[in-house]
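All values below come from the heavy atoms of this structure, side chains included, with hydrogens, waters and symmetry mates left out. The chains referred to below are lettered A, B, ... by the order of the sequence lines, with proteins before strands, and numbering in each begins at 1.
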2 protein chains.
Amino acid sequence: MAADPLSRVFSALADPTRRDMVARLTVSDATVNELAEPYDVTVQAVSKHLKVLADAGLVSRTRQAQRRPAHLETEVFDLMTKWIERYQRRAEERYRRLDDVLASMPDDVEPTAPRQPPKTGAGT
Amino acid sequence: MAADPLSRVFSALADPTRRDMVARLTVSDATVNELAEPYDVTVQAVSKHLKVLADAGLVSRTRQAQRRPAHLETEVFDLMTKWIERYQRRAEERYRRLDDVLASMPDDVEPTAPRQPPKTGAGT
DNA sequence: CTTGTGTTCAACCATAGGGTTGAGGACAAG
DNA sequence: CTTGTCCTCAACCCTATGGTTGAACACAAG
């Protein structure tokens, strides 16, 4: 349903059950029934979860007779990792710089807020 | 609302607007109004988003007169990174091993599925 | 064909989420 | 105190989501 892939992946992993399923799928592929066993929800619910994971690109489904084993895909992990690391790095770098900035900053200068409170009716 | 921290963080980042806010906060702290400017939603909506990010531990709020600048926190990133890397590593390792396993595996042995379809009424 | 197993589809229910509008609280400045 | 700015709270709407049950589809096997 969600448009962008990143949202789908994050959203898929926002559920503890789904995260646990992913964790278990790192051990081995598994069918819906196998996956459903530990949880106290219906098989249909697990099937839905699996669909969410599949839509997010986290798992692929194959066919073995009546069974549809789920297999974990690792590509999408990179998507998240890259996003996270990118901004984590930027944030931490900024954090490091902050000391310098603060050290050379008099009180009447505020670099982060170029928009000081004007008199009134400050348009644009 | 979500119990565990990991769910909260993933859930918080499952929204494109919130991810964009995080991205912008890596550049500099910002107030609600500043954050709201680029989006065509109300300030209240952005305030809610900010609350979600704060509840997830991704941002902290400070007080500057009437303003409540948001500051990005980097700790929580580690939480995600660790989870992701852990299972990504396990998945990729398993992927590498798979070749070996398949090579030494006759058709009638299936290590991943100890529960072959029994006659009928397979209890437990 | 009939039965049985594994899985999904469809309809439905309850709750959470993102959005809105409107009111109100916290401060700064007249 | 009154006004104005920044922000949040509350109520409400609508859709998404996770769960259920019941039916149906896909195969395997009698």
Side-chain angles (χ1 to χ4, degrees), chain A residues 1-4 7-8 10-21 29-37 39-56 59-70 110 112-113 115-124, chain B residues 1-4 7-8 10-21 29-37 39-56 59-70 110 112-113 115-124:
Chain A
M1 297 295 180
D4 60 303
S7 293
R8 277 198 296 264
F10 277 124
S11 187
L13 293 181
D15 185 285
T17 302
R18 284 195 293 260
R19 278 201 307 279
D20 191 63
M21 290 170 66
D29 294 3
T31 67
V32 177
N33 267 301
E34 288 164 3
L35 284 171
E37 199 183 34
Y39 317 123
D40 57 347
V41 295
T42 61
V43 178
Q44 289 94 321
V46 174
S47 182
K48 277 191 183 181
H49 281 308
L50 219 34
K51 179 169 170 46
V52 173
L53 290 173
D55 287 345
V59 309
S60 60
R61 312 295 304 273
T62 57
R63 233 197 146 110
Q64 269 185 23
Q66 316 102 318
R67 315 196 178 166
R68 317 272 325 266
E110 297 180 24
T112 64
R115 182 171 296 106
Q116 250 48 35
K119 316 293 167 172
T120 171
T124 307
Chain B
M1 297 296 179
D4 61 301
S7 294
R8 277 199 295 264
F10 277 124
S11 186
L13 293 181
D15 185 285
T17 302
R18 283 196 292 260
R19 279 201 308 280
D20 191 63
M21 290 171 65
D29 294 4
T31 66
V32 178
N33 267 299
E34 288 165 4
L35 283 171
E37 199 182 34
Y39 317 123
D40 58 346
V41 295
T42 63
V43 178
Q44 289 94 321
V46 174
S47 181
K48 276 193 185 179
H49 280 309
L50 219 34
K51 179 169 171 45
V52 173
L53 291 173
D55 287 346
V59 309
S60 60
R61 311 296 303 274
T62 58
R63 225 179 160 122
Q64 270 184 22
Q66 315 102 320
R67 318 204 176 156
R68 318 270 327 263
E110 297 179 23
T112 65
R115 182 169 297 107
Q116 251 47 35
K119 315 294 166 169
T120 170
T124 306

Would you tell me if any nitrogen or oxygen in the side chain of [X] comes within less than 4.0 Å of OP1 or OP2 on [N]?
X     : N      : answer
B:R67 : C:dA26 : no
A:N33 : C:dT7  : yes
B:H49 : C:dG17 : no
A:T31 : C:dT7  : yes

Let me see the working for B:L50 and B:L53 under side chain to side chain contact (heavy atoms under 4.5 Å, CB included), right down to the final yes or no. CA-CA 5 Å; B:L50 219 34; B:L53 291 173; 4.2 Å; yes
What nucleic acid atoms does B:K51 come within less than 4.0 Å of, heavy atoms only: base, sugar-phosphate, or nothing?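 No contact at all - B:K51 keeps every heavy atom at 4.0 Å or more from the nucleic acid.
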Is [Y] close to [X] at the side-chain level, that is, under 4.5 Å between some pair of heavy atoms?
X     : Y     : result
A:V46 : A:M21 : yes
A:K51 : A:D55 : yes
B:F10 : A:D15 : no

Which residue lies more 5' along DNA chain D, comparing A:D15 with B:R61 via nearest heavy atoms: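 By nearest-heavy-atom nucleotide position, the 5'-most residue is B:R61.
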More 5' along DNA chain D: B:S47 or A:T42, using each one's nearest nucleotide?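 So the residue in question is B:S47.
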Atom-pair distance ([atom1] on [X]; [atom2] on [N]), nearest Å:
X     : N      : atom1 : atom2 : value
A:E37 : C:dT7  : CD    : P     : 12 Å
B:L35 : D:dT8  : CG    : P     : 10 Å
A:L50 : C:dT8  : CG    : C1'   : 11 Å
B:D55 : D:dC9  : CG    : C1'   : 15 Å
B:R68 : C:dA28 : CZ    : P     : 14 Å
A:L53 : C:dT7  : CG    : P     : 15 Å
A:E34 : C:dT5  : CD    : P     : 16 Å

Count the heavy atoms of every other residue, nucleotide or ligand shown that sit under 6.0 Å from CG of B:D4, and state whether that count exceeds 12.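 For B:D4, atom CG is crowded (more than 12 foreign heavy atoms under 6.0 Å).
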I'd like to know if the side chain of B:T62 pairs up with that of B:R67 as donor and acceptor (distance under 3.5 Å, no hydrogens or angles considered).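 Absent: no donor and acceptor within the cut-off.
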For C:dG19, does the base pair up with any side-chain atom of B:K48 as donor and acceptor (N or O, under 3.5 Å, distance only)?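 Counting by modelled atom types and ignoring angles, a donor-acceptor contact under 3.5 Å is found here.
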So, using side chain to side chain contact (heavy atoms under 4.5 Å, CB included) as the criterion, who are the partners of B:R68 when residues are at least two apart?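 B:R61, B:R63.
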Among A:V59, A:V32, A:T17, the one residue meeting side-chain contact (heavy atoms from CB on, under 4.5 Å) with A:H49: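 Among the candidates, only A:T17 passes.
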Report for the helix from C:dC1-D:dG30 to C:dG30-D:dC1: angle between first-end and last-end helix axes, five pairs each, rounded to 10 degrees.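 Rounded to the nearest 10 degrees, the bend comes out at 10°.
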Under 4.0 Å protein heavy-atom contacts per nucleotide of nucleotides 23-29 of chain D, with B for base, S for backbone only and - for none: ---SBS-
Where is the tightest heavy-atom contact between B:R18 and B:A12, given as atom of each residue plus distance?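 Heavy-atom minimum between the residues: NE-O, 2.7 Å.
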Donor-acceptor pair, distance only, cut-off 3.5 Å: does the side chain of B:S7 make one with the backbone of A:A14?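 The answer is yes, because a donor-acceptor pair under 3.5 Å joins these two groups.
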